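Heads up: the structure comes next, in structure tokens.
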There are 4 protein chains.
Amino acid sequence: MPLSEQQLLNMKQKRKDILEAATKLFATEGFEGTTIKKVSEAANISFGSVFTYFKDKDELFYTAVVEPLKELSENVFAFSTEAENPMIELEKMIETHFKLFAGINAYLTLIVQVIGQHHRYPDIFKELDRFHDEFRKRVSLLVENGQHKGMFAQQDPLTVATLYTSLLIGIRLNTTDTRYSDMWEQYVLSAINLFGPIKK
Amino acid sequence: MPLSEQQLLNMKQKRKDILEAATKLFATEGFEGTTIKKVSEAANISFGSVFTYFKDKDELFYTAVVEPLKELSENVFAFSTEAENPMIELEKMIETHFKLFAGINAYLTLIVQVIGQHHRYPDIFKELDRFHDEFRKRVSLLVENGQHKGMFAQQDPLTVATLYTSLLIGIRLNTTDTRYSDMWEQYVLSAINLFGPIKK
Amino acid sequence: MPLSEQQLLNMKQKRKDILEAATKLFATEGFEGTTIKKVSEAANISFGSVFTYFKDKDELFYTAVVEPLKELSENVFAFSTEAENPMIELEKMIETHFKLFAGINAYLTLIVQVIGQHHRYPDIFKELDRFHDEFRKRVSLLVENGQHKGMFAQQDPLTVATLYTSLLIGIRLNTTDTRYSDMWEQYVLSAINLFGPIKK
Amino acid sequence: MPLSEQQLLNMKQKRKDILEAATKLFATEGFEGTTIKKVSEAANISFGSVFTYFKDKDELFYTAVVEPLKELSENVFAFSTEAENPMIELEKMIETHFKLFAGINAYLTLIVQVIGQHHRYPDIFKELDRFHDEFRKRVSLLVENGQHKGMFAQQDPLTVATLYTSLLIGIRLNTTDTRYSDMWEQYVLSAINLFGPIKK
DNA sequence: TATGAATGAGGTTTCATTCAT
DNA sequence: GATGAATGAAACCTCATTCAT
């Protein structure tokens, strides 16, 4: 007798609850600071059920970090490297990124942990690195486009792209409080300078 | 019986050994991943001796993070906010910072951990925040100076300073391998753009 | 609605499948090493179904050990204590036993576990003890018969019988590999000596 | 500062206490039935101290089984294969073995467990197998000696030796109660028959 | 001061059993 | 009857901290 439709939905929801609770806890308390007991309580399920959905704590952590990457990619990569007007595209991109990153505070904190101690999480780090490489590549293409059109000063596109992604993650680290959400418009304006915009 | 000169020197050295070993371990293995046993072995002293020099693990971690801040300040703040030529001062400052940060990899990883999980380390975080605030303040003063002299584009000085410190820590995160040390000259050139330098 | 003939047959088969799988697993992995999940997988039925046929793990173990005893009795006791020629009967008996024991390796391993830790399985042990007592009694009767007829040397019949059953189970323990099946003919010849056969 | 003589003695005693408690428990309750907590209580030490002396439960079990083998060897192998009068040597040997085995009930039960489930304990089993092989070899040498001198009937010496060791371990299994200790003299007399003694 | 054995709290994980579907 | 998700007790093991020497 296979599980009913309703049961499957319930399970999907439970899995999501666990993952959300775990993400929040991992972000604020770290990997070891997060106990399965805390997760189960935060997700409002029994202790044992966590292991019904995730084989062990490692898998839970891995999933919490890697699974959202796919959706994140879609949003982060949603700009055109071939835009007619790279300057406008860049502004839109930066604004999108800043707004986006402001909204996934807990998740980014998680990412920072993994990167900061990548020796401990080699498998997860590999995924993040892949993501980061593609991210930089796409940004550098837009930069190149803008340089061709004479809108950005000449400099190594990949270097700028690297500085840009560094800035994005660095802001997350530096602005731990809510100020961030109020400030991002300011930040966007200044961040554009990184790309060496040429005023006409 | 007071301790002899030699004994005092020995103890000072041991304390330093422990702290160095602990910093490396905390950075690569995290707080929980670092055990007192590992520290004592890495520092080549007995297990029990760690507790002679540090009351408990928390104090060891606190010291490892906070104690180097003083010396770091001296190096990081070693630029003149009132410089005659802010552009040149800025370039020198950025270069100093990048070189400096490239050399204290383990320590910065520690910093990142504390910031990333500041809820867990409120006392340590307070110290880091103090440091950061002063850092940004000093940078923003240099920016203001440059803007007055018409060398930098107009933008909120504190915002630029925040983006700059974000960039600094973000680069540390993004470049986990040795590429960093080879690249920092490139990075310096592009990072200057953040300040909106006005070409004459 | 009563169950159909077919369904009853199905259930009987399932019960048998579970018991066979359980016996093999209990023998090789021990009581705790055997999980209900493993049993269900080995028996190709669902996890929950095990509990349909056996109230709990203890009952499953009990049944796996005790239920085959009845059939085993029939084969083990299939010799005549009143035989005309006790020597020939003895030889036949030993051969039968050795061949029989060679073929039920897994089951005997189970028996050994229960005997070896009889404190843990008092109920099961009681059954085995009953079986063993009857076994020895029957063997000792044959010995007595042979002694009356002057074919076996005088010695306490029950003692010989005990040594004989000890030998049977001991061989099972000592020959864990396939050597056993090749060797039993040799073993039979020498085992007879235990009974003090008198050559004419 | 190295540990004092007294401390080292204390530790030796503690290790022995743990091992004795563990042996008794492993024998009566089995590997999984024996918890570290039970061991520590039986040995009158703290839970954590068990791990000071044995890295984990596996090592404790391994040590409990393998360590006594050396001393056991000395006693078990204490007969002369080249004896002038093999018959008398054999009688002495059997008596020694039976008396010896009667006194190490718990340990033998442990051995039986390992042999019975040798798949689970391959490393330990290898040691036992080594011991057993040497044991059989030595017994078979004595048998050969006796056959040469015409005191034992002709039969394959190694087969007899195997049956003999089987008998020894089998008796341990079959006689779980105290009857054994009262009976061994009887057993010795009958066990000799296994070797086909030739009456003059 | 230096050492390392002793302690037990607290974490992860397994798994028998229950029970809703 | 069949299924497998839900539950939590209980096991192992680690490790910070204490303390006797």
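Just so it is clear, the model here is predicted, and its values are computed rather than measured. Side chains are part of it too, since the values below use all heavy atoms of this structure and drop only hydrogens, waters and symmetry mates. Below, chain A is the first sequence line, B the second, and so on; all start at residue 1.
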**OP:** Test A/Val39 against every option in A/Thr23, A/Asp17, A/Ile18 by the side chain to side chain contact (heavy atoms under 4.5 Å, CB included) rule and name the one that passes.
**Re:** A/Ile18
**OP:** Provide, to the nearest angstrom, the distance between the NZ atom belonging to D/Lys14 and the P atom belonging to E/dG4.
**Re:** 17 Å
**OP:** Using a strict cut-off of less than 4.0 Å between a Lys/Arg side-chain nitrogen and an Asp/Glu carboxylate oxygen, indicate whether B/Glu67 and B/Arg15 qualify as a salt bridge.
**Re:** yes
Subject >> Euclidean distance, atom CG of residue B/Leu8 to atom P of E/dA2 [Å, nearest integer] >> reply: 11 Å
**OP:** Report the distance from atom CD of A/Glu59 to atom C1' of E/dT13, rounded to the nearest whole Å.
**Re:** 14 Å
Original post:
Looking only at heavy atoms, what is the nearest atom pair of C/Tyr107 and C/Ala64, with distance?
Top reply: CE1-O, 3.5 Å
Original post:
So, are D/Lys57 and D/Glu32 salt-bridged, with charged N and O less than 4.0 Å apart?
Top reply: no
**OP:** For A/Ser4, answer base if it contacts any base atom (sugar-phosphate contacts may also be present), sugar-phosphate if it contacts only those atoms, and nothing otherwise; contact means non-hydrogen atoms under 4.0 Å.
**Re:** sugar-phosphate
**OP:** For F/dA6, take OP1 and OP2 only and decide whether either is under 4.0 Å from a side-chain N or O of A/Ser46.
**Re:** no
**OP:** Have a look at B/Phe54 and say if it touches a base, only the backbone sugar-phosphate, or nothing, with a 4.0 Å heavy-atom cut-off.
**Re:** nothing
Original post:
So what's the dot-bracket for DNA chain F: Watson-Crick or G-U pairs under 3.5 Å, [ ] if a pair crosses, | if it pairs off-strand?
Top reply: .||||||||||||||||||||
Subject >> Step-by-step salt bridge (Lys or Arg N to Asp or Glu O under 4.0 Å) determination, D/Lys24 to D/Glu20 >> reply: CA-CA 6 Å; D/Lys24 236 175 264 177; D/Glu20 265 171 28; 5.8 Å; no
Original post:
How about C/Glu59 and C/Asp56: do any of their side-chain heavy atoms sit closer than 4.5 Å?
Top reply: yes
Subject >> Nucleotide E/dG4, atom C1' - distance to CD of D/Gln6 in whole Å >> reply: 17 Å
Original post:
Want to settle it: does B/Thr52 or D/Met11 sit nearer the 5' end of DNA chain E, counting the closest nucleotide to each?
Top reply: B/Thr52
Subject >> Euclidean distance, atom CD of residue A/Gln7 to atom C1' of E/dC19 [Å, nearest integer] >> reply: 11 Å
**OP:** Please state how far atom CD1 in A/Ile45 lies from atom P in F/dT7, giving the value in whole angstrom units.
**Re:** 7 Å
Subject >> For D/Ser49, side-chain hydrogen bond (donor to acceptor under 3.5 Å, both in side chains) partners two or more places apart >> reply: D/Ser46
Subject >> Chi angles and distances behind the side-chain contact (heavy atoms from CB on, under 4.5 Å) call for A/Leu19, A/Leu60 >> reply: CA-CA 7 Å; A/Leu19 227 35; A/Leu60 179 58; 3.8 Å; yes
Original post:
Tell me, for nucleotides 13-18 of chain F in 5' to 3' order, what letter each nucleotide earns: B for a base near a protein heavy atom under 4.0 Å, S for only sugar-phosphate near one, - for neither?
Top reply: BBSSBB
**OP:** Indicate yes or no: does C/Lys38 engage C/Glu29 in a salt bridge with an N to O separation below 4.0 Å.
**Re:** yes
Original post:
Given atom CD of A/Glu29 and atom P of E/dG10, what is their separation to the nearest angstrom?
Top reply: 16 Å
**OP:** Ignoring backbone atoms, test whether C/Tyr53 places a side-chain nitrogen or oxygen under 4.0 Å from the OP1 or OP2 oxygen of F/dG1.
**Re:** no
Original post:
Just checking A/Lys38: base, sugar-phosphate only, or nothing, at a heavy-atom cut-off of under 4.0 Å?
Top reply: nothing
**OP:** Take the protein atom NZ of B/Lys12 and the nucleotide atom C1' of E/dT1, then report the distance between them rounded to whole Å.
**Re:** 18 Å
